[in-house]
Amino acid sequence: MFAAERRQLILEMVRANGAVSLRELARVVQTSEVTVRRDVRALEAEGLLDRRHGGAVLPGGFTRESGFPQKSHLATAEKTAIADLAASLVGEGEAIVVGAGTTTQELARRLARVPGLTVVTNSLLVAQALAHANRVEVVMTGGTLRGSNYALVGSGAEQSLQGLRVSRAFLSGSGLTAERGLSTSNMLSSSVDRALVQAAAEVVVLADHTKLGSDTMFQTVPTELITRLVTDEPPVHDERAAAELQALADQGVEVTVAGPDADTADGPSGDRRPRRDMPLPGQRRTTTGRNGGLGPQLRSASPLSDQPPPTGERARVADLRRR
């Protein structure tokens, strides 16, 4: 395929979907991500699209938001891996809140297997995914339906969350930076997400690598309130995304990286969870975190080991990590 043909196809994909990852563009045009990145730079120079970390969006993407049909086809393998790993964090009998989004919808499908779970949500898609789970109780907020993402928003949704207290909130968004935290391009959605955060003891953000470094209009969760980020591994040449992950870890966010092609091992809730044995982006950190534990650090779901249990100093360090 000639460069002009490639760039025309790339432009058509971005116009159709609103945002597309470099990985997906390279797969469709059947070339390397390096070549696709060069094409994206050329199209950006002509004002036809905007570059984002790991992808491309329509011009003016700072204020735009893709609809659900477009979002559901973006980074599907990455979202699946993120949802698998996030589900392994949820234990039997917990009460959690789950926000709206395509990644949180994938999470909800996996939560149907957790017995005794209570899920509070403003998302019709999350509720639908759990509708036939006999051992899961679903609590819907009030509010006004926002058709573009099938979520309940407005004062009714926010008021129904007052006085609520749960163990964790699982949220997604349009962009994530170490400087500003999680953000979205819609004001009503951001207000409800902030109310969900207020109800939770811990906040878990689910964001694939294409959202790293992107900053949209309305802040939903400042970095200092994010307990954990579950993401996929950025491409090896995406140094800025890796730097963003490290910056988040430096600010006390526990970063856990999942992989779409990884094998699986049993997680703490009995679900199947992704595991990786490949290097993480950035440098590993082992300084003391904001909650007194071992943090900030980058972690991946690691494979089960056949090695004997550690002894002496190694055992003490392993015990600290478990805490």
Side-chain angles (χ1 to χ4, degrees), residues 65-72 79-80 82-174 182-207 218-221 225-228 230 269 271:
E65 181 181 31
S66 302
F68 176 80
Q70 289 78 28
K71 290 181 179 179
S72 62
K79 291 174 183 177
T80 298
I82 290 169
D84 284 338
L85 185 50
S88 73
L89 303 175
V90 182
E92 181 176 346
E94 276 196 66
I96 63 174
V97 295
V98 179
T102 53
T103 310
T104 52
Q105 182 189 25
E106 288 296 323
L107 169 64
R109 290 173 177 148
R110 289 146 181 81
L111 294 179
R113 301 190 295 269
V114 182
L117 187 64
T118 300
V119 177
V120 181
T121 185
N122 69 318
S123 169
L124 298 186
L125 297 174
V126 168
Q128 182 184 42
L130 295 167
H132 300 292
N134 295 328
R135 298 175 294 176
V136 177
E137 181 179 2
V138 179
V139 179
M140 293 288 298
T141 68
T144 302
L145 178 63
R146 183 167 178 256
S148 61
N149 65 345
Y150 302 95
L152 298 172
V153 298
S155 60
E158 296 171 40
Q159 290 172 9
S160 65
L161 293 165
Q162 292 180 0
L164 180 71
R165 194 62 174 168
V166 297
S167 59
R168 292 186 184 92
F170 291 88
L171 298 175
S172 186
S174 302
L182 190 67
S183 62
T184 185
S185 55
N186 182 265
M187 182 174 64
L188 294 175
S189 295
S190 67
S191 296
V192 176
D193 282 354
R194 284 193 290 269
L196 292 172
V197 169
Q198 291 294 324
E202 296 182 0
V203 177
V204 181
V205 170
L206 312 181
F218 300 98
Q219 183 191 57
T220 56
V221 191
L225 295 184
I226 300 174
T227 308
R228 182 194 295 260
V230 182
S269 66
D271 290 332

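Along the sequence shown, the residues carry numbers beginning at 1. Values reported hereafter were calculated over all heavy atoms of this structure, with side chains retained and with hydrogens, waters and symmetry mates removed.
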Can you measure from [atom1] ([X]) to [atom2] ([Y]) and round to the nearest 0.5 angstrom?
X: L85; Y: R110; atom1: CG; atom2: CZ; result: 11.0 Å
X: L117; Y: E137; atom1: CG; atom2: CD; result: 9.5 Å
X: L130; Y: Q105; atom1: CG; atom2: CD; result: 10.0 Å
X: L89; Y: I96; atom1: CG; atom2: CD1; result: 10.0 Å
X: Q198; Y: E158; atom1: CD; atom2: CD; result: 11.0 Å
X: S190; Y: Q219; atom1: OG; atom2: CD; result: 9.5 Å

> Only one of V203, L225, L171 forms a side chain to side chain contact (heavy atoms under 4.5 Å, CB included) with L182, so which one is it?
Replying inline: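 It is L171; the other options fail the test.
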Are any non-hydrogen side-chain atoms of [X] and [Y] less than 4.5 angstrom apart?
X: V136; Y: L111; answer: no
X: V197; Y: T220; answer: no
X: Q128; Y: V138; answer: no
X: S123; Y: T104; answer: no
X: L206; Y: E106; answer: no
X: T121; Y: M140; answer: yes
X: F218; Y: D193; answer: no
X: L196; Y: L161; answer: yes

How far apart are the closest heavy atoms of [X] and [Y], and which atoms are they?
X: A169; Y: V97; result: CB-CG2, 3.2 Å
X: V166; Y: A95; result: CB-O, 3.1 Å
X: R113; Y: R109; result: NH1-O, 4.4 Å
X: A151; Y: A100; result: CB-CB, 3.6 Å
X: A200; Y: R168; result: CB-C, 3.7 Å
X: A201; Y: R165; result: CA-NH2, 3.7 Å

> Short question: side chain of N122, backbone of L152 - any donor-acceptor pair under 3.5 Å?
Replying inline: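 Between the backbone of L152 and the side chain of N122 there is a qualifying donor-acceptor contact (under 3.5 Å).
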> Checking side-chain contact (heavy atoms from CB on, under 4.5 Å) for the pair V114/E94: CA distance, chi angles, key distance, verdict?
Replying inline: CA-CA 9 Å; V114 182; E94 276 196 66; over 6 Å; no
